[in-house]
Amino acid sequence: MKNKHFLPIFLFCLFAVNTQAQKSDSLMQSDSLNTALLKEYDSKLKLIEEQRLQDSIKKSALDYNFHS
């Protein structure tokens with residue numbers, strides 16, 4: 001008797017989940033916004049890393065000159 005009710009309930013849940021799983025345009029737009037923000041952050045991070053590397057080289061040169 002329980003098996004008779006299981007199939008319709010299972011099918012209803014299956015179709016209900018499928019209708020809610022569709023992607024909306026607003027989610028795609030926010031994803032592209034997040035991608036743009038991530039690229040901007042990444043470029044700033046690369047710039048900071050380059051500056052850190054240059055500062056480390058300058059510091060090493062100054063230490064070498066100071067101890068010579």
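For reference, positions follow the sequence shown, starting with 1. All values below come from the heavy atoms of this structure, side chains included, with hydrogens, waters and symmetry mates left out.
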- prompt: Taking atom CD1 of Ile57 and atom CG of Leu62, what is their separation to the nearest 0.5 Å?
  reply: 12.0 Å
field: Inter-residue atom distance Gln54.CD - Glu49.CD, 0.5 Å rounding
entry: 11.0 Å
Euclidean distance, Leu53 CG relative to Lys58 NZ, rounded to 0.5 Å: 11.5 Å
- prompt: Taking it one step at a time, do Lys44 and Glu40 satisfy salt bridge (Lys or Arg N to Asp or Glu O under 4.0 Å)?
  reply: CA-CA 6 Å; Lys44 287 180 181 179; Glu40 181 182 349; 3.4 Å; yes
field: Separation of Asp55 CG from Lys59 NZ (nearest 0.5 Å)
entry: 10.5 Å
